[in-house]
Amino acid sequence: MEYHHTSEMNGVVADYFSMCNESERNGLCREEKHSEDAADSNNLCHIEKAYSTILSELGEDVAREGLLRTPLRAAKAMQFLTKGYKETTQDILNDAIFDENHEEMVIVKDIDLFSLCEHHLVPFYGKAHIAYLPNKKVVGLSKLARIVEIYSRRLQVQERLTKQIASAISEALEPAGVAVVIEAAHMCMVMRGVQKMNASTVTSVMLGRFHDDPEVRKEFLALTMKK
Amino acid sequence: MEHSKQTQYSSNEKKDTGDGGSVLNGHFDGMVKRPAGGTARAAAAPQAPGAESGSHRAATSVMESWKEERTRSVEDNEMSLPSLAAAYTTILRGLGEDPQRQGLLKTPWRAATAMQFFTKGYQEKIIDVLNDAIFDEDHDEMVIVKDIDMFSMCEHHLVPIFGRVHIGYLPNKRVLGLSKLARIVEIYSRRLQVQERLTKQIAVAITEALQPTGVGVVIEATHMCMVMRGVQKMNSKTVTSTMLGVFREDPKTRDEFLTLIRS
């Protein structure tokens, strides 16, 4: 299965996925779902306890009204912010690839992106711009944004995130070229550490004709980087 | 805009007269680590506006609020670090990640230190920051410091809040070093906060320190808990304000302040 490279999973143990996807029988999948839900709530419990510890170690009063349910809320928030681990490109793309005799550039830009820095567990947010040159196959436009969601809702490093998005599109569509540019502000640099308010990090990955042909790359950059 | 201001004043009124605990993030009631010797200074502290009508306990808690806020020390930080790091390791495992992979090896420590930085307001006291920078000056026109970048943590979801604070005050023979206004913002914002409470704490601290004729504080912020999750509204902003003294009573003063911070 091309979509389950370990490198794509950010090192997550992919047992759950391989079990569910390799089994053809609905019965087995249903059982897996039950155990997945149980595992989920078990994990939620552990994360909640961990947040309780964090609050008290920071010197706060865990029993005050505003903080009473905070460990649970923070645990659920964290699970939401890392929900990308449970999603695969295959799930969202399977139906939305269409045969179309179109070979010109398709760009979806200004896709709002929110991720978590894996080094400090603090958000980074920004915009992603994606372009591809179809090779007889086009993809539903929202699917590009959904691919961004899958990979950004994880503990990430911006460089890897950009690459994963580009690789996923490349493998799914086999286009003549893919380009992904992400511009983001990292709260770990803004709120703490060096504390530079206006710094923004830009990473890009160019594959296929975007990599080989400077004119194509120039067209993409001109269309997306206009202020 | 006028309408919402009116309702805000009445709720401020209620908060001023009884619930001193709300100004303190609950610290006054709950904390074990507070250093001793706060009461002597509290006795010498000036009366805060609106506090005298509450109970004695509420009055002392409001008076003590700006004099004796520290609940954590640098040594506490060092001692808490291992358990904070262990908690973060549990969180990483609970999320399905592998804490042993290269990118995550030192993350629990980094995240713990980062979180301690984001709550460093608990380590700082207003009195340390302000003591030397109050000057006698015969100036009674409005002083405004605006566009102070502010970063806080939502106490409900432990996710960042960031925005800008605008502060204005009408001195009553005493002015404050300008950066001290920004430092007061830092002390109160680097905590687990609720935006309404943050705005109030800043205003009350300035009032207690300077006894000015009036203070106005406006905060506009973006809450990542609303942007990154939940209702997911990218462009939403929350605006809260606290107007004390002549800023509350005199609409012209208030208007002048609001116009100057918009320009």
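Not measured: the values here are computed from a predicted model. As a basis for the values below, the full set of heavy atoms in this structure was taken, side chains included, without hydrogen atoms, waters or symmetry mates. So you know, we letter chains A, B, ... as the sequences are listed, proteins then strands, and number each from 1.
- At least one donor-acceptor pair closer than 3.5 Å links the side chain of B:Arg72 to the backbone N or O of A:Leu58.
- Taking the side chain as every heavy atom from C-beta outward, B:Leu92 and A:Leu155 approach each other to under 4.5 Å.
- To the nearest 0.5 Å, atom CD of residue B:Gln232 and atom CZ of residue A:Phe80 are 4.0 Å apart.
- Chosen from B:Met115, B:Lys120, B:Met228, the residue pairing most often with chain A at heavy-atom distances under 4.5 Å is B:Met228.
- In this structure, the separation between CE on A:Met78 and CD1 on B:Ile91 is 6.0 Å, given to the nearest 0.5 Å.
- Annotation for B:Lys180: atom NZ counts as buried by contact number, over 12 foreign heavy atoms lying within 6.0 Å.
- For the options A:Asp40, A:Asn42, A:Asn43, A:Thr70, heavy-atom pairs under 4.5 Å to chain B are most numerous at A:Thr70.
- Of the atoms belonging to A:Ile54, heavy atoms from both backbone and side chain fall under 4.5 Å from chain B.
- The distance from atom CG of A:Leu121 to atom CZ of B:Arg110, rounded to the nearest 0.5 Å, is 9.0 Å.
- For A:Leu68, no part lies near chain B; criterion is any non-hydrogen pair under 4.5 Å.
- Using a distance-only test at 3.5 Å, with no hydrogens or angles considered, a donor-acceptor pair links the side chain of A:Arg73 to the main chain of B:His156.
- Across all non-hydrogen atoms, the minimal contact from B:Ala87 to A:Thr53 is CB-CB, 4.3 Å.
- Using non-hydrogen atoms only and a strict 4.5 Å limit, the part of residues 144-152 of chain B facing chain A consists of B:Asp149, B:Phe151, B:Ser152.
- Taking the six-membered ring where tryptophan is involved, the planes of B:Tyr88 and A:Tyr51 are perpendicular, since the angle between them exceeds 60° and thus also 30°.
- Using a 4.5 Å cut-off between heavy atoms, A:Ala77 contacts chain B through both its backbone and its side chain.
- Separation of atoms OG1 (B:Thr107) and CD (A:Glu118) is listed at 6.0 Å; rounding is to 0.5 Å.
- Atom CE of B:Met234 is separated from atom OH of A:Tyr125 by 12.5 Å, given to the nearest 0.5 angstrom.
- Around atom CG of A:Asp110, more than 12 heavy atoms belonging to other residues, nucleotides or ligands sit under 6.0 Å away.
- Contact annotation for A:Met197: only side-chain heavy atoms (C-beta onward) come within less than 4.5 Å of a heavy atom of chain B.
- The choice from A:Arg192, A:Met187, A:His46 that makes the most heavy-atom pairs within less than 4.5 Å of chain B is A:Arg192.
- Comparing B:Arg93, B:Gln100, B:Arg190 by heavy-atom pairs within less than 4.5 Å of chain A, the highest count is held by B:Arg190.
- Chain A forms more heavy-atom pairs under 4.5 Å with one residue of B:Cys225, B:Pro160, B:Gly230 than with any other, namely B:Pro160.
- Contact of A:Ser115 with chain B is made through the backbone alone, with heavy-atom distances under 4.5 Å.
- Of the atoms belonging to A:Val190, heavy atoms from both backbone and side chain fall under 4.5 Å from chain B.
- The CD1 atom of A:Ile47 sits 4.0 Å away from atom CG of B:Leu95, with the distance rounded to the nearest 0.5 Å.
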